[in-house]
Amino acid sequence: MHELSIVQSIVSIAENEAAKVKAARVEEIELEIGCLATVEVEALRFAWEYGVKETLLENAAMHIKRIDGRARCIVCGSEFFVQELFDPCPDCNSHSVSILNGQELRIKSMIVT
Ligand SMILES: [Zn+2]
């Protein structure tokens, strides 16, 4: 499952960070996931249960912050919210848009002890 490998890479990044400060465990972790990121949040939560077993994150409270998709049209310069990666510009209908936000998939913060 795609989401399990995402969880595993989050765990390994978080464990590396925790090791730097010699933390025994991660209490809390906040993830930022853009609405355009190719990840299913429900599947991620499900995969999380398995992925964190026997790691420093086993009992960590996990929070997910969603980031809205936002793009700028390269043709007319208009900025707009996007639901899907290939949505056209609502003003001029161009598909030449650059994504500003929404593809994030990262650890925003963690609390370790
Ligand atoms: Zn446009």
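Everything quoted here is computed from the prediction, not taken from an experiment.
- Pairing each heavy atom of Ala47 with each of Leu4, the nearest pair is O-CD1, 3.6 Å.
- Leu56 approaches Ala18 most closely through the heavy-atom pair CD1-CB, 3.8 Å.
- Between atom CG of residue Leu105 and atom CD of residue Glu32 there is a gap of 10.0 Å, rounded to the nearest 0.5 Å.
- Rounding to the nearest 0.5 Å gives a distance of 5.0 Å between CH2 of Trp48 and CG of Leu57.
- Atom CZ of Arg72 has 12 or fewer neighbouring heavy atoms from other residues, nucleotides or ligands inside a 6.0 Å radius.
- Side chains of Ile10 and Ile29 form a contact here, defined as non-hydrogen atoms less than 4.5 Å apart.
- There is no path of hydrophobic side-chain contacts, each under 4.5 Å, that joins Phe86 to Leu100.
- Going from atom SG of Cys35 over to atom CD of Gln103 covers 11.5 Å, rounded to the nearest 0.5 Å.
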For Val97 and Val82: C-alpha separation, side-chain torsions, deciding distance, then whether side chain to side chain contact (heavy atoms under 4.5 Å, CB included) applies.
CA-CA 10 Å; Val97 301; Val82 280; 5.8 Å; no
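- Counting only distance, with no hydrogens or angles, the side chain of Asn16 and the backbone of Ile13 share no donor-acceptor pair below 3.5 Å.
- With rounding to the nearest 0.5 angstrom, the CD1 atom of Ile33 is 13.5 Å from the NZ atom of Lys108.
- Taken to the nearest 0.5 Å, the CD atom of Glu15 stands 9.5 Å off from the CE atom of Met110.
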Residue pair Glu58, Arg25: steps toward the side chain to side chain contact (heavy atoms under 4.5 Å, CB included) verdict
CA-CA 8 Å; Glu58 183 153 18; Arg25 62 194 195 99; over 6 Å; no
Working note: Glu17 + Val26, criterion side chain to side chain contact (heavy atoms under 4.5 Å, CB included); need CA distance, chi angles, decisive distance, verdict.
CA-CA 10 Å; Glu17 291 302 312; Val26 177; over 6 Å; no
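- Using a 4.5 Å heavy-atom threshold, the side chains of Tyr50 and Val7 count as separate.
- Side chain of Arg106 to backbone of Leu31: no donor-acceptor contact under 3.5 angstrom is found.
- Note on Ile99 and Val75: separate hydrophobic clusters, where clusters join Ile, Leu, Val, Met, Phe, Trp and Tyr whose side-chain heavy atoms are under 4.5 Å apart, directly or indirectly.
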Before you tell me yes or no, could you show the steps for Met62 and Val52 under side chain to side chain contact (heavy atoms under 4.5 Å, CB included), namely the whole-Å CA-CA distance, both residues' side-chain angles and the distance that decides it to 0.1 Å?
CA-CA 11 Å; Met62 188 267 279; Val52 298; over 6 Å; no
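- Distance alone, capped at 3.5 Å, is enough to place a donor-acceptor pair between the Glu3 side chain and the Glu40 backbone.
- Listed here is the closest heavy atom pair of Phe80 and Pro90: CG-CD, 3.3 Å.
- One finds the CD1 atom of Ile67 at 11.0 Å from the CG atom of Leu36 (value rounded to the nearest 0.5 Å).
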